[in-house]
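Below, each value reflects all heavy atoms present in this structure, side chains not excepted, and no hydrogens, waters or symmetry copies. By convention in this document, chain letters (A, B, ...) are assigned in the order of the sequence lines, proteins followed by strands, and residues within each chain are numbered from 1.
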2 protein chains.
Amino acid sequence: MAATTAASSTDLIRAAGVKVTRGRVRVLDALNAARQPLCHGELELQLASADEASLDRVTLYRILDSLVACGLALKAVDTRGVFRFSAAAARHRHVDHVHFRCIDCGGVFCLKAELPPPPKLPRGFRLQQIDFDLRGLCAECGTRAA
Amino acid sequence: MAATTAASSTDLIRAAGVKVTRGRVRVLDALNAARQPLCHGELELQLASADEASLDRVTLYRILDSLVACGLALKAVDTRGVFRFSAAAARHRHVDHVHFRCIDCGGVFCLKAELPPPPKLPRGFRLQQIDFDLRGLCAECGTRAA
DNA sequence: CCAACAAACGCAACAATGTTGCATTTACGT
DNA sequence: ACGTAAATGCAACATTGTTGCGTTTGTTGG
Ligand SMILES: [Mn+2]
Ligand SMILES: [Mn+2]
Ligand SMILES: [Zn+2]
Ligand SMILES: [Zn+2]
């Protein structure tokens with residue numbers, strides 16, 4: 001399992017056209033194994049607890065940036081303003097559909113509805129991503145509230 | 001207009017059950033006058049450029065926290081992980097149109113485009129709010145990047 | 001395999017944003 | 001006016017993220 005995962009991460013990194021280093025492989029493995037997006041601190045802890053040498057703080061930041069830059073990881077900010085990273089391969093593609101976010105339980109539900117076309121932007125603005133998020137109570141939380 | 005706004009902020013703060021201080025009135029006025037959510041730094045600049053004495057950094061943080069705690073302001077994180085504040089009373093002005101969020105400077109821009117109709121929700125889900133957020137680079141940040 | 005070179009790394013310093021402790025001042029009910 | 005809890009100003013600190021630079025390493029062409 002470990003060998004398979006490592007090989008896979010290695011291949012992904014090489015295919016992305018960047019150097020395959022031990023740090024990148026370990027970080028991408030960790031992101032792929034994670035059940036949820038991890039922040040820098042969580043990754044640092046997790047990599048330190050492994051028996052290999054721990055990564056330098058700055059190197060970890062740069063590895064994460066490089067994985068994001070080559071499309072192998074996704075970066076998003078959490079409610080506290082901390083960046084969290086997830087493996088692009090381990091995650092569904094959430095870029096092309098609508099989400100419902102429950103304001104009570106925090107759950108995110110993928111809706112089977114396509115994104116509406118974006119309106120025209122002011123001159124010079126560059127669109128990179130569209131988020132159509134519906135917020136409210138999910139069925140479970142709505143029932144509990146009533 | 002200034003007197004009206006100041007009186008209104010004063011009343012709102014008093015009605016919220018907290019002490020009416022010059023700092024709270026100035027900050028709430030600034031939030032109400034703003035066309036987009038402001039971060040701590042933007043508020044500090046704006047309050048310093050007025051001819052009154054500038055607020056202490058920490059006091060501004062605490063004023064913002066107190067306005068949020070008593071429901072007069074809303075706090076949300078921007079794409080860079082920086083907290084932005086808006087007047088709760090001004091929120092209704094942003095519920096019916098699309099926003100563009102710059103991933104570089106964190107700025108929020110109101111677009112003159114109506115929200116698309118929401119797709120059908122799963123049974124039991126209760127819709128309370130619709131966010132159609134476009135993300136990317138604003139004109140200024142896009143120019144600087146190029 | 002070797003050498004050359006760009007990329008990546010480790011370390012220190014720095015920057016941006018936000019918090020805590022504490023002495024002093026202020027708002028406001030009495 | 002007075003007493004008191006709340007708010008303020010200032011210094012120090014914490015957390016998260018970035019920059020500069022000399023050293024090491026992965027990769028590639030010979
Ligand atoms: Mn999804
Ligand atoms: Mn931050
Ligand atoms: Zn829910
Ligand atoms: Zn911008």
**OP:** Could you tell me how the ring of B:Phe109 sits relative to the ring of A:Phe125: parallel (under 30°), tilted (30 to 60°) or perpendicular (over 60°)?
**Re:** perpendicular

Original post:
Among the nucleotides D:dT18, C:dG18, D:dT8, which one has an atom lying closest to any side-chain atom of B:Tyr61?
Top reply: C:dG18

Original post:
Rounded to whole angstrom units, what separation is found between the CZ atom of A:Arg84 and the C1' atom of D:dT16?
Top reply: 13 Å

**OP:** Mind calculating the distance between CG (B:Asp104) and P (D:dT18) to the nearest angstrom?
**Re:** 12 Å

**OP:** Take the protein atom CD of B:Glu52 and the nucleotide atom C1' of D:dT8, then report the distance between them rounded to whole Å.
**Re:** 15 Å

Original post:
Which part of the nucleic acid, if any, lies within reach of A:Arg14 when heavy atoms closer than 4.0 Å are counted: base, sugar-phosphate only, or nothing?
Top reply: sugar-phosphate

Original post:
Is the phosphate of C:dA7, meaning OP1 or OP2, less than 4.0 Å from a side-chain N or O of A:Thr21?
Top reply: no

**OP:** Nearest-nucleotide wise, let me know which of B:Phe83 and A:Arg24 is further upstream toward the 5' end of DNA chain C.
**Re:** A:Arg24

**OP:** Starting at atom CD1 of B:Ile63, determine the distance to atom C1' of D:dA7, rounded to an integer number of angstrom.
**Re:** 9 Å

**OP:** Write down the distance between CZ (A:Arg80) and P (C:dT17), rounded to a whole number of angstrom.
**Re:** 18 Å

**OP:** Return the nearest nucleotide to the side chain of B:Lys19; candidates are C:dA27, C:dA7, C:dC9.
**Re:** C:dA27

Original post:
At under 4.0 Å between heavy atoms, what does B:Thr59 touch on the DNA or RNA strands: base, sugar-phosphate, or nothing?
Top reply: base

Original post:
Out of D:dG17, C:dT19, C:dT17, which has the shortest distance to the side chain of B:Asp65?
Top reply: C:dT19

Original post:
Tell me, which pairs form a salt bridge (charged side-chain N to carboxylate O under 4.0 Å, His left out) where one or both residues lie in residues 81-110 of chain B, sequence neighbours left out?
Top reply: B:Glu42-B:Arg84, B:Asp78-B:Arg84, B:Arg101-B:Asp133, B:Asp104-B:Arg144

**OP:** With heavy atoms under 4.0 Å as the rule, sort A:Val18 into base, sugar-phosphate or nothing.
**Re:** sugar-phosphate

**OP:** Assign each of A:Arg62 and A:His40 to its nearest nucleotide of DNA chain D by heavy atoms, then name whichever residue's nucleotide is nearer the 5' end.
**Re:** A:His40

Subject >> Intermediate values then yes/no, ring pair (Phe, Tyr, Trp, His ring centres under 6.0 Å), B:His92 and B:His94 >> reply: CA-CA 5 Å; B:His92 73 275; B:His94 295 287; 8.7 Å; no

Original post:
Starting at CG of A:Asp56 and ending at C1' of D:dG20, how long is that distance when rounded to a whole Å?
Top reply: 14 Å

Subject >> Donor-acceptor contact below 3.5 Å, side chain A:Arg135 vs main chain B:Asp131 >> reply: no

**OP:** Measure from the side chain of A:Arg57, starting at C-beta and using heavy atoms only, and say which of C:dT19, C:dT17, D:dT18 lies closest.
**Re:** D:dT18

Subject >> Between C1' of C:dT26 and CD1 of B:Ile13, the distance in whole Å >> reply: 15 Å

**OP:** Identify whether any heavy atom of B:Val58 sits under 4.0 Å from a base atom; if not, whether one sits that close to sugar-phosphate; answer base, sugar-phosphate or nothing.
**Re:** base

Original post:
Rounded to whole angstroms, how far apart are CG on B:Leu47 and P on D:dG9?
Top reply: 12 Å

Original post:
Out of curiosity, B:Leu31 CG to B:Ser86 OG, how far, rounded to the nearest 0.5 Å?
Top reply: 7.0 Å

